[in-house]
Amino acid sequence: MKLKKWAIMALSIVTAVSLAACSSDKGASTDAKGVGFKEKIEKRGKFIAGVKFDSNLFGFKDPADQTVKGFEVDLMKEFTKRTFGDVNMLELKEVTSKTREKMLTSGEIDVIAATMTITPKRKETADFSRVYFLAGQALLVKKGSPIKDVKDLNGKQVGTAKGAVSGKNLKAINKDAVVKEYSNYAEAFQALRGGIIDAVTTDDGILAGMAKQDPNYEVVGNRFSKEPYGVAVDKKNKDLLEAMNKFLDDTIKDGTYNQLYKKWFGQDAPKDLPRDAVLELQPGVDG
């Protein structure tokens with residue numbers, strides 16, 4: 001009888017400890033997943049988005065009024081307005097291809113909305129929203145240049161930004177091209193305009209923004225990659241990722257996405273935008 005009572009007491013203690021552990025684990029899991037991001041951001045008073053300051057059409061500082069503008073900037077404004085009810089809660093922080101991932105994982109920014117191609121390697125350290133833009137890597141050259149495609153880059157100096165996948169992509173297609181990395185695309189474009197390099201390579205949307213700044217330059221060659229952009233979110237913030245995906249789905253459905261796309265790129269958004277995709281080099285490109 002005493003043994004039976006002891007067994008019942010022991011079982012009660014184990015059950016209580018197990019329940020407490022489960023409760024503790026649930027709380028830890030909640031924090032790890034970032035549940036309550038809205039409350040945390042509202043308490044902080046600002047939602048911080050990492051954007052480019054040097055990529056015309058996507059995220060750039062307008063020298064005329066020193067404000068940051070672009071397609072990705074407008075998307076983040078719309079997200080802030082819909083999520084927090086006040087667009088003024090948005091803080092835009094400059095990122096580059098080299099700095100953005102570290103700034104995200106350190107908590108310096110909440111999201112990256114900065115022409116960031118979704119790659120398998122990047123998905124190991126960050127979560128990505130659904131695809132919101134599909135670009136393709138190409139070349140920017142001075143009008144009249146003999147460079148018309150990737151195969152014309154043998155021995156030529158080609159600029160790109162540090163931390164971008166563009167240089168590796170190019171070398172995979174044409175190993176004889178000479179890649180020079182700059183701190184950002186603005187510096188690479190300046191080097192091209194100064195005659196230091198022969199071309200700039202990155203996604204065609206970014207290159208189109210450069211060509212718009214200076215009509216003496218043009219985008220040439222067929223796309224030699226598929227570059228899907230996603231909003232990057234720290235892996236701890238699962239609910240922020242869900243909110244971003246819902247926002248993008250909603251804006252695509254209600255037409256807001258198309259309005260912003262047309263505002264910046266002068267045409268309707270593609271109807272066949274994939275939901276999930278990763279970087280893909282195009283087969284059959286000579287070079």
In residues 160-169, what donor-acceptor pairs under 3.5 Å come from side-chain atoms, sequence neighbours left out?
residue: Thr160; atom: OG1; partner: Thr201; partner atom: O; Å: 3.2
residue: Asn169; atom: ND2; partner: Gln137; partner atom: OE1; Å: 3.0
residue: Asn169; atom: ND2; partner: Glu227; partner atom: OE2; Å: 3.1

query = Under 4.0 Å between a Lys/Arg side-chain N and an Asp/Glu carboxylate O for Arg275 and Asp249?
reply = yes
Side chains of Ile147 and Leu139 in contact at under 4.5 Å (non-hydrogen atoms) = yes
message = Pair Tyr185, Thr202 - check side-chain hydrogen bond (donor to acceptor under 3.5 Å, both in side chains), show working.
response = CA-CA 9 Å; Tyr185 289 117; Thr202 186; 2.9 Å; yes
ask   = In terms of the angle between their ring planes, are Phe79 and Phe47 parallel, tilted or perpendicular, with boundaries placed at 30° and 60°?
value = tilted
Atom NZ of Lys226: over 12 foreign heavy atoms under 6.0 Å = no
inquiry  = Taking Val220's backbone N and O only, do any of them form a donor-acceptor pair with Asp149's side chain (distance below 3.5 Å, no angle check)?
reply    = no
Interatomic spacing from CG in Asn174 to CG in Asn154 - rounded to 0.5 Å = 4.5 Å
query = Do the side chains of Ile48 and Lys46 get nearer than 4.5 Å, heavy atoms only?
reply = yes
remark   = Arg100 and Ala114 have their tightest heavy-atom pair at NH1-O, 2.7 Å
inquiry  = Between Lys263 and Asp74 (salt bridge meaning N to carboxylate O under 4.0 Å), is one present in this structure?
reply    = yes
request  = Apply side-chain contact (heavy atoms from CB on, under 4.5 Å) to Ile196 and Tyr182, showing your working.
outcome  = CA-CA 12 Å; Ile196 298 171; Tyr182 293 86; 4.0 Å; yes
task = Only one of Thr99, Val95, Val51 passes side chain to side chain contact (heavy atoms under 4.5 Å, CB included) with Ile109; say which it is.
result = Val95
request  = Enter the distance from Lys238:NZ to Phe37:CZ here, rounded to the nearest 0.5 Å.
outcome  = 14.5 Å
message = Quick check: closest heavy atoms across Thr96 and Ser183, and the distance to 0.1 Å?
response = CB-O, 4.1 Å
inquiry  = I'd like to know if Lys143 pairs up with Glu218 as an ion pair, taking the criterion as any Lys NZ or Arg NE/NH1/NH2 lying under 4.0 Å from an Asp or Glu carboxylate oxygen.
reply    = no
key: Donor-acceptor contact below 3.5 Å, side chain Arg122 vs main chain Thr117   = yes
request  = Identify the heavy atoms of Val73 and Val68 that sit nearest to each other, and give their distance.
outcome  = CG1-O, 3.6 Å
task = Using a strict 4.0 Å threshold on nitrogen-to-oxygen distance, state whether Lys246 and Glu242 make a salt bridge.
result = no
query = Going by an N to O cut-off under 4.0 Å, is there a salt bridge joining Asp203 and Arg223?
reply = no
query = For the side chain of Thr105 and the backbone of Glu101, is there at least one donor-acceptor N/O pair under 3.5 Å apart?
reply = yes
query = Going through the checks in order, is the side-chain contact (heavy atoms from CB on, under 4.5 Å) test met by Ser225 and Leu279?
reply = CA-CA 7 Å; Ser225 71; Leu279 169 69; 4.2 Å; yes
message = Can you tell me how far apart NZ (Lys151) and CG (Asp176) are? Round to the nearest 0.5 Å.
response = 14.5 Å
query = In Å and rounded to the nearest 0.5 Å, what is the CG to CG distance from Asp239 to Asn237?
reply = 6.5 Å
Under 3.5 Å donor-acceptor, Asp62 side chain and Thr67 backbone = no
Close side-chain approach of Val111 and Val233, heavy atoms under 4.5 Å = yes
key: Under 3.5 Å donor-acceptor, Asn56 side chain and Met210 backbone   = no
key: Point-to-point distance, once rounded to the nearest 0.5 Å, from CE of Met116 to NZ of Lys52   = 9.5 Å
task = Please check if atom NZ in Lys81 has more than 12 non-hydrogen atoms from other residues, nucleotides or ligands closer than 6.0 Å.
result = no
inquiry  = Could you walk me through whether Glu78 and Tyr257 satisfy the side-chain hydrogen bond (donor to acceptor under 3.5 Å, both in side chains) test, starting with their C-alpha distance in whole Å, then the side-chain angles of each, then the deciding distance to 0.1 Å, before giving a yes or no?
reply    = CA-CA 10 Å; Glu78 189 69 19; Tyr257 174 87; over 6 Å; no
note = Closest heavy-atom pair, Val219 versus Ala138, reported as atoms and distance to 0.1 Å, is CG1-CB, 3.9 Å
key: Closest contact, heavy atoms only, Leu140 versus Leu192   = O-CD2, 3.6 Å
query = Rounded to the nearest 0.5 Å, how far does CE of Met244 lie from CG of Asp127?
reply = 12.5 Å
request  = Step by step, work out the salt bridge (charged side-chain N to carboxylate O under 4.0 Å, His left out) result for Arg130 and Asp276.
outcome  = CA-CA 6 Å; Arg130 62 155 300 148; Asp276 299 302; over 6 Å; no
key: Nearest non-hydrogen partners of Ile118 and Ser129, listed with the distance   = CD1-O, 4.1 Å
ask   = Do Leu57 and Phe71 come within less than 4.5 Å of each other through their side chains, counting heavy atoms only?
value = no
query = What do the steps show when you test Met89 against Thr83 for side-chain contact (heavy atoms from CB on, under 4.5 Å), and what is the final call?
reply = CA-CA 10 Å; Met89 280 187 65; Thr83 306; over 6 Å; no
ask   = So do Met103 and Lys93 actually touch side chain to side chain, heavy atoms under 4.5 Å?
value = yes
ask   = For Phe133, what residues pass the ring pair (Phe, Tyr, Trp, His ring centres under 6.0 Å) criterion, not counting sequence neighbours?
value = Phe58, Tyr229, Tyr261, Phe265
task = Using the rule that two of Ile, Leu, Val, Met, Phe, Trp, Tyr join whenever any of their side-chain heavy atoms come within less than 4.5 Å, decide whether Phe224 and Val178 are in one cluster.
result = no
Backbone of Ser145 reached by a side-chain donor or acceptor of Lys148 within 3.5 Å = yes
ask   = Taking Glu72 for the side chain and Thr115 for the main chain, is one N or O donor matched with an acceptor at less than 3.5 Å?
value = yes
inquiry  = Show, in sequence, the C-alpha distance, side-chain angles and deciding distance for Glu187 and Asp54, and conclude whether the side-chain contact (heavy atoms from CB on, under 4.5 Å) test is met.
reply    = CA-CA 9 Å; Glu187 287 188 11; Asp54 67 337; over 6 Å; no
inquiry  = Please confirm whether the ring centroid of Tyr217 lies under 6.0 Å from the ring centroid of Phe189.
reply    = yes
ask   = Could Asp110 and Arg44 be called an ion pair, given the rule that one side-chain N must be under 4.0 Å from one carboxylate O?
value = yes
inquiry  = Tell me whether Lys171 contacts the main-chain N or O of Val179 through its side chain, where contact means a donor paired with an acceptor under 3.5 Å.
reply    = no
key: Short side-chain to backbone donor-acceptor contact, Asp234 and Ala126, under 3.5 Å   = no
Pair Lys121 + Glu124, salt bridge at N-O below 4.0 Å = no
